[in-house]
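For the single chain, residues carry numbers from 1 onward in sequence order.
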Amino acid sequence: MAAVFLLILVHLLMRAAYDIENSLGDDETLGARLCSAMLRQGVQFSTPYILYANGSGYTIKEIRDQMIKNMPLEMCLFLGAEKDSNITEYRQPSAIEEMAAIENSLAIENGAAIENSLAYENSLKNAIDTESHSEGVTNTQQEPEQSVMTENTAGTFVPVQAPVAMYSEQQLAEPGFIKSAFYAEDATTQIRTDQLQYDTLMGFDATLKQDNSNVQILVYHTHSQEAYIDSIPGDPSTSIVGVGEHLCEILRTQYGFNVLHHTGEYDVESRDNAYSNAMAGLDSVLAEHPTIEVMIDLHRDQTNPDTKLVTTIQDRPTARFMFFNGLCYTRALGELTNLPNPYVQDNLSFAFQMHLAAEEFYPGLTRRIYLKGYRYNLHYRPKSVLIELGSQTNTVEEAMNACDPMAHIIAMTLNGENKAGVME
């Protein structure tokens, strides 16, 4: 009887596979059909994996649509490859989600109130990486973030008052986890394990040492000519310079910092020597304002034309941004002694603290910190950082909207508020 049953079962399975395969369209594979069927039934993939689109005839958008259609948003994070349009990473579930589930379970067992659980679930809708890989596609989510409990009907930004999600101590204690979760390492360089120790990164004192009676923060643009998809040619108020002024104004009026916006142009004729060209201007500014503690070089990234770096924060389309560090080290040359930077580790720590705050308060807003080999004029101050705000496919509105949460993240870090409740 058992043998007969097995023979019948095998026959049925073969017949089912045959029927499915012969019912497929010209642009659909058996694997794709089975994957879609599993998703419709709510099957949860338990391990991360990579989908390769090269040669399969599928576009990234088609694969994206297959993977997340009909799947509850709280079950997945869809992370689009930022540099390679042929690879899309689908992670199920995310590290933050696993940690949140553990913390909530412990809270239930202990009879404690579960705070921010609804906020976290709803924030995942905005944490889905909306680099849509389809030109002109934007995030159309209409539900407001529950992490902001204040009514926001006027479209004004309200700073999030408490973390929406936090990493576990076990995760942050592992440099390997920190590297994979927080950094994108350029092929030309390599970061050392000792540079990724959590205690070192968070041990750096990023707080301001003086009051705002003198200039504290400098915002400038090595590439002042960078613009957005709907920027008006010849109108700097609609370029990265105008976005920089908006960021400065928020830092001044809402957070009380003394901010100088330097609008020197160093890339008009060519981008090639912009960093070298900018040094004379920066030297002059710092000589005139030696009290400057923070230097922010604000850029706009250049991505594939079908990549859209946008999320939704409080019902507003918001450009995603990325912190950037230079390591003064390349695989080919080793340590770049001709481009010394005594503040490499301080720069790393400063960017990490801001990125971690962004992950906790505004999941999905930031891309992983990008590491490259050279110096990028980050050697002037310990609290120096380069920020890539959106790309050429973003609108001016999206970039302007990003300045609100960005300013909040910067303010939390400079005021030491980002360290409240972190792992000791």
Side-chain angles (χ1 to χ4, degrees), residues 82-83 175 178-179 182-197 200-201 203-206 217-226 240 244 260 262-302 321-355 367-389 413:
E82 293 162 358
K83 299 299 180 184
I178 288 178
K179 182 176 180 179
F182 293 90
Y183 291 95
E185 189 177 61
D186 191 82
T188 61
T189 193
Q190 184 177 20
I191 192 168
R192 303 189 312 270
T193 299
D194 65 283
Q195 293 176 295
L196 297 176
Q197 298 292 331
T200 300
L201 293 167
F204 173 68
D205 184 3
I217 302 171
L218 171 67
V219 176
Y220 68 101
H221 313 276
T222 300
H223 295 145
S224 63
Q225 304 305 299
E226 291 173 334
I240 189 63
L260 173 66
H262 175 60
T263 57
E265 298 180 341
Y266 306 109
D267 62 332
V268 176
E269 296 181 1
S270 171
R271 292 170 58 95
D272 294 342
N273 300 311
Y275 288 98
S276 298
N277 295 340
M279 292 183 70
L282 294 176
D283 287 337
S284 177
V285 170
L286 293 174
E288 185 176 354
H289 303 282
T291 57
I292 289 173
E293 297 184 42
V294 179
M295 297 179 65
I296 300 173
D297 188 4
L298 190 63
H299 291 245
R300 181 231 66 198
D301 204 1
Q302 183 77 21
F321 57 88
M322 175 179 73
F323 298 107
F324 182 106
N325 283 115
L327 297 178
C328 294
Y329 176 92
T330 68
R331 292 178 183 269
L333 301 174
E335 185 178 354
L336 303 181
T337 55
N338 62 321
L339 292 173
N341 180 1
Y343 306 125
V344 168
Q345 186 61 55
D346 295 335
N347 297 162
L348 285 168
S349 299
F350 185 45
F352 177 84
Q353 290 185 25
M354 289 188 289
H355 181 80
R367 303 152 69 194
R368 288 185 296 170
I369 302 169
Y370 202 79
L371 302 173
K372 289 198 75 171
Y374 293 94
R375 186 171 64 177
Y376 306 100
N377 287 341
L378 299 177
H379 63 293
Y380 282 101
R381 292 290 189 271
K383 293 190 282 287
S384 294
V385 68
L386 191 156
I387 303 176
E388 299 277 4
L389 174 50
T413 305

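Of the inter-residue distances, the one linking Leu339 atom CG with Tyr376 atom OH reads 10.0 Å to the nearest 0.5 angstrom. Interatomic distance, Thr188 OG1 to Tyr374 OH, rounded to the nearest 0.5 Å: 7.0 Å. Atoms CG and CD, from Leu371 and Gln190 in turn, are 11.0 Å apart once rounded to the nearest 0.5 Å. The structure places CD1 of Ile369 at 8.0 Å from CG of Leu348, a figure rounded to the nearest 0.5 Å. Atoms CZ and CD1, on Phe324 and Ile387 in that order, are 12.5 Å from each other to the nearest 0.5 Å. One distance of note links OH of Tyr183 with CZ of Phe352; it measures 6.0 Å at 0.5 Å rounding.
Here salt bridge (charged side-chain N to carboxylate O under 4.0 Å, His left out) pairs that include residues 332-354, with residues two or more places apart or in two chains, number zero. For residues 372-382, no pair satisfies salt bridge (charged side-chain N to carboxylate O under 4.0 Å, His left out), with sequence neighbours left out.
Across all their heavy atoms, Pro382 and Phe204 have their closest contact at CB-CZ, 4.1 Å. In plain terms, the two heavy atoms of Pro175 and Gln197 that are nearest each other are CG-NE2, 3.5 Å. Shown here for Arg300 and Glu388, the closest heavy-atom pair between the two residues is C-OE1, 3.2 Å. Shortest non-hydrogen contact noted between Leu378 and Leu386 is CD2-N, 4.0 Å. Between Val344 and Cys328, the shortest heavy-atom contact is CG2-SG, 4.2 Å. In this structure, Ile240 and His223 approach most closely via the heavy-atom pair CG2-O, 3.6 Å.
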>> For His289 and Leu218: C-alpha separation, side-chain torsions, deciding distance, then whether side-chain contact (heavy atoms from CB on, under 4.5 Å) applies.
In response: CA-CA 9 Å; His289 303 282; Leu218 171 67; over 6 Å; no

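A distance-only check finds a donor-acceptor pair linking the side chain of Asp267 to the backbone of Ser224 [under 3.5 Å].
Here the side chains of Thr200 and Gln195 are not in contact, with every heavy-atom distance at 4.5 Å or above.
For Phe321 and His355, the gap between ring centers reaches or exceeds 6.0 Å.
In this pair, Tyr266 and His262 present their aromatic rings tilted. The plane angle is within the 30 to 60° band.
No hydrogens or angles considered: nothing links the side chains of Asn377 and Asp297 as a donor-acceptor pair under 3.5 Å.
Applying the side-chain hydrogen bond (donor to acceptor under 3.5 Å, both in side chains) test to Ser284 and every residue at least two apart in sequence or in another chain returns nothing.
Annotation: Tyr380, atom OH; neighbour count of heavy atoms from other residues, nucleotides and ligands within 6.0 Å is above 12. By the 6.0 Å contact criterion, CD on Glu269 is open, its count of non-hydrogen atoms from other residues, nucleotides or ligands being 12 or less.
Just one of Asp205, Ile296, Val294 meets the side-chain contact (heavy atoms from CB on, under 4.5 Å) condition when paired with Lys383; it is Val294. Exactly one of Asn347, Leu336, Leu327 qualifies for a side-chain contact (heavy atoms from CB on, under 4.5 Å) with Asn341. That residue is Asn347. Partner of Glu226 under the side chain to side chain donor-acceptor pair (under 3.5 Å) criterion, chosen from Arg271, Gln302, His221: Arg271.
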